[in-house]
Amino acid sequence: MTEGEKVTENGDHTGGKTDAATAVISDGQKPVSDNDMMSGDSSQMVKGNSEKDGDHCREIEQFQQEKAVEPPDGGWGWVVMISSMWCNGSVFGIQNAFGIMFVALLTVFGPDTNEALRFKTAWVGSLSMGMIFFCSPIVSIFTDLFGCRKTAVVGAAVAFIGIMCSSFVRSLGPLYFTYGIIFACGCSFAYQPSLVILGHYFKKRLGLVNGIVTAGSSFFTILLPLFLEKLIENVGLFNTLRFLSIFMFILFLAGFTYKPWPPTEKKNKSDKKNSFKCPSASKVFNVHVWKILVYRIWAFGIPTALFGYFVPYVHLMSHVEETFGKDVNKEILLMCLGITSGIGRLIFGRVADCVPGTKKVYLQVISFFVIGFLSMMIPLCNAFGGLIAVCLLMGLFDGCFICLMAPIAYELVGAENVSQAIGFLLGLMSIPMTVGPPVAGFLRDRLGSYDVAFYLAGVPPIIGGVVLCFIPWIQGRKLKEKEAEKAESGAAEKMLDNTHNALGKAEEQHRNSESVI
């Protein structure tokens, strides 16, 4: 062979002409005619090296992109956190204070002798709370298609219209539509993006930030009962609703702070190009989350536990009036729930950052067990001080349950699926949260007291807690199976390497013996 045709055992060409050809081929250009003598095998080898280099470059580029979109854990995220905190406070502060408005509605739309009045009135608050969660699957789709900012802003505007219209109705029936549907749907569209956007800006501090954000509802739950009681006494129920519309207007402004992260020009250009294209069905309905077993268990256990969750918030005030008289300072119970719920969200949010993986579910299990037993203890409290103690503990573990929703969802399905995972779960939660309070009101109208209603309200949280216990166990088994598969594959690869090394040594010895001969 000529000098330009010589190839080493490693496949590298020798000679200046062949080196030049190799360089030209690696650049993707046609080689010159002087190098046409290069064999097909060596050309394929050079092409393979070029492809490997390209793959390596793509891996580096992908790593740099992933590093670039790493959540900042601060910066503008603190502004987003404050806006999300206002959202949680204004939405659930108003919902949790419905017990005050429930008593006012009984007075306005009386007479109190109507046996079905509590059942009908409870549907206003129950429908409102239920619709917030019932709309969540639809909200998650809108959030994925249009982003957190647009979804939250439009939702706050709808909530403002709903609560303002509620202040002009003069019968119970229209409130089902204005307060129970329009206002609640708007709150739903404003609420869920406030949870999703936090994962864009925080990762290491996500549990703590979720605790702070969800503590907003506790802060409002503490203050709103005092304001609402005074406002209803001085200006009436309907002017109080007009006052609450201010909260929704501020929420409308807060939604503009949900800037998407990362704000790259490349992403914005691609979004503009695809803005007029119909999204794929897989993007609109992310059914992948339902293929995850632990998520299915979680999505079944949480709604099961919530059949009695909203009952104390709606009927506790009325129960206190019947048991201790109308002159008792019943608003202090909602304050106790709000104070300890805020403390629980801050404490358990920080604790969740230290608990690895799906073991965070055990914290929710404990909270459901405690809430269930405390609900059963409400009728047993013959002293008002006992009710205060029950509400303090119930609020603490209520905060534990609430602040862990988003972190657990991220652990179970990953960041790419978390929006619709939360949406589907909240949608399933709407059914028990809507049915529970009216059933409790029905039992009160038929039996003459709330005792049986509160006893039964404590059973579902205990059952739901038992169901959730299976999640860490199943996840642990899956991790052990994966580790066993990796160990087996590693052992197989090691055996193959040993075999290749043995063959290489045998071939080398054979060559050496031939050269000696």
Side-chain angles (χ1 to χ4, degrees), residues 88 92 96 129 133 136 192 195 198-199 206-215 217-218 289 292-313 337 340-376 393-414 418 421-433 436 457-476:
N88 277 258
F92 289 104
N96 293 341
M129 179 63 84
F133 298 106
S136 294
Q192 191 172 327
L195 297 180
L198 296 176
L206 183 60
L208 175 62
V209 170
N210 269 280
I212 296 173
V213 167
T214 53
S217 63
S218 302
V289 295
I292 303 173
L293 177 60
V294 288
Y295 175 77
R296 294 200 301 269
I297 297 174
W298 194 55
F300 172 77
I302 296 292
T304 301
L306 293 182
F307 269 99
Y309 172 81
F310 200 44
V311 171
Y313 286 97
L337 282 170
T340 54
S341 181
I343 294 172
R345 296 174 196 207
L346 295 174
I347 293 175
F348 288 104
R350 186 68 186 93
V351 170
D353 289 335
C354 304
V355 178
T358 55
K359 290 184 178 180
K360 297 180 179 68
V361 174
Y362 285 130
L363 297 175
Q364 280 192 330
V365 171
I366 295 172
S367 67
F368 281 139
F369 284 163
V370 174
I371 289 173
F373 285 118
L374 291 175
S375 296
M376 295 179 178
L393 284 174
M394 185 178 289
L396 184 68
F397 287 94
D398 168 79
C400 173
F401 156 66
I402 294 295
C403 74
L404 294 177
M405 294 286 288
I408 291 176
Y410 274 95
E411 293 289 346
L412 295 180
V413 302
V418 73
I422 294 176
F424 289 137
L425 176 66
L426 296 179
L428 292 172
M429 287 166 53
S430 66
I431 299 173
M433 295 187 75
V459 176
I462 297 174
I463 297 175
V466 172
V467 172
L468 295 182
C469 288
F470 290 97
I471 294 177
W473 177 70
I474 292 174
Q475 195 74 358

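Just so it is clear, the values below take in all heavy atoms, side chains as well, and ignore hydrogens, waters and symmetry mates.
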Q: Measure the spacing between OG of Ser430 and CZ of Phe133 and express it to the nearest 0.5 Å.
A: 8.5 Å

(Q) What verdict does the side-chain contact (heavy atoms from CB on, under 4.5 Å) test give for Met129 and Met429, after you've listed the backbone C-alpha separation in whole Å, the side-chain angles of each residue and the deciding distance to 0.1 Å? (A) CA-CA 10 Å; Met129 179 63 84; Met429 287 166 53; over 6 Å; no

(Q) On a heavy-atom basis, which atom in Ser136 and which in Gly427 lie closest, and how many Å separate them? (A) CB-N, 3.9 Å

(Q) If you apply the rule side-chain contact (heavy atoms from CB on, under 4.5 Å), what do you find for Leu428 with Phe300, and how did you get there? (A) CA-CA 8 Å; Leu428 292 172; Phe300 172 77; over 6 Å; no

**Q.** Nearest atoms (heavy-atom pairs only) where Pro432 meets Pro303
**A.** CG-O, 3.2 Å

Q. Do Ile474 and Leu293 touch side chain to side chain, with heavy atoms closer than 4.5 Å?
A. yes

(Q) To the nearest 0.5 Å, what is the distance between CD1 on Ile371 and CG on Leu393? (A) 10.5 Å

Q: Give the C-alpha distance, both sets of side-chain angles, the deciding distance and a yes or no for side-chain contact (heavy atoms from CB on, under 4.5 Å) between Leu425 and Tyr295.
A: CA-CA 9 Å; Leu425 176 66; Tyr295 175 77; 4.1 Å; yes

Q) Would you call Val361 and Glu411 a side-chain contact if the rule is heavy atoms closer than 4.5 Å? A) no

Q. Which atom pair, heavy atoms only, marks the closest approach of Gly349 to Cys403?
A. N-SG, 3.6 Å

Q. Of Ile366, Ile402, Thr340, which is the lone residue that meets side chain to side chain contact (heavy atoms under 4.5 Å, CB included) with Phe397?
A. Ile366

(Q) Just verifying a value: how many Å separate Lys360 NZ and Leu404 CG, rounded to the nearest 0.5 Å? (A) 8.5 Å

Q) For Leu396 and Phe348, which heavy atoms make the closest approach, and how far apart are they? A) O-CE1, 4.0 Å

(Q) Could you work out, with side chain to side chain contact (heavy atoms under 4.5 Å, CB included) as the rule, every residue matching Ile463, not counting sequence neighbours? (A) Thr304, Val459

Q: Provide the closest heavy-atom pair for Val289 versus Ala421 in the form atom of the first, atom of the second, distance.
A: CG1-CB, 4.1 Å

(Q) Can you pull out every side chain to side chain donor-acceptor pair (under 3.5 Å) where at least one residue sits in residues 393-409? Sequence neighbours excluded, please. (A) Tyr309-Asp398, Ser341-Asp398, Arg345-Asp398

Q: Would you sort out whether Gln475 and Lys359 count as a side-chain contact (heavy atoms from CB on, under 4.5 Å), showing the intermediate values?
A: CA-CA 9 Å; Gln475 195 74 358; Lys359 290 184 178 180; over 6 Å; no

Q: For residues Gln192 and Leu426, determine if any side-chain heavy atom of one lies less than 4.5 Å from a side-chain heavy atom of the other.
A: yes

Q) With a 4.5 Å heavy-atom cut-off, do Val370 and Met394 have their side chains touching? A) no

Q: Write down the atom of Ile471, the atom of Val294, and the distance for their closest heavy-atom approach.
A: CD1-O, 3.8 Å

Q) Say you draw a straight line from CZ of Phe369 to CG of Leu468; how long is it, rounded to the nearest 0.5 Å? A) 8.5 Å

Q: Taking the side chain as every heavy atom from C-beta outward, state whether Leu363 and Phe401 have any pair of such atoms under 4.5 Å apart.
A: no

Q) Is the number of heavy atoms from other residues, nucleotides or ligands within 6.0 Å of CZ (Phe373) greater than 12? A) no

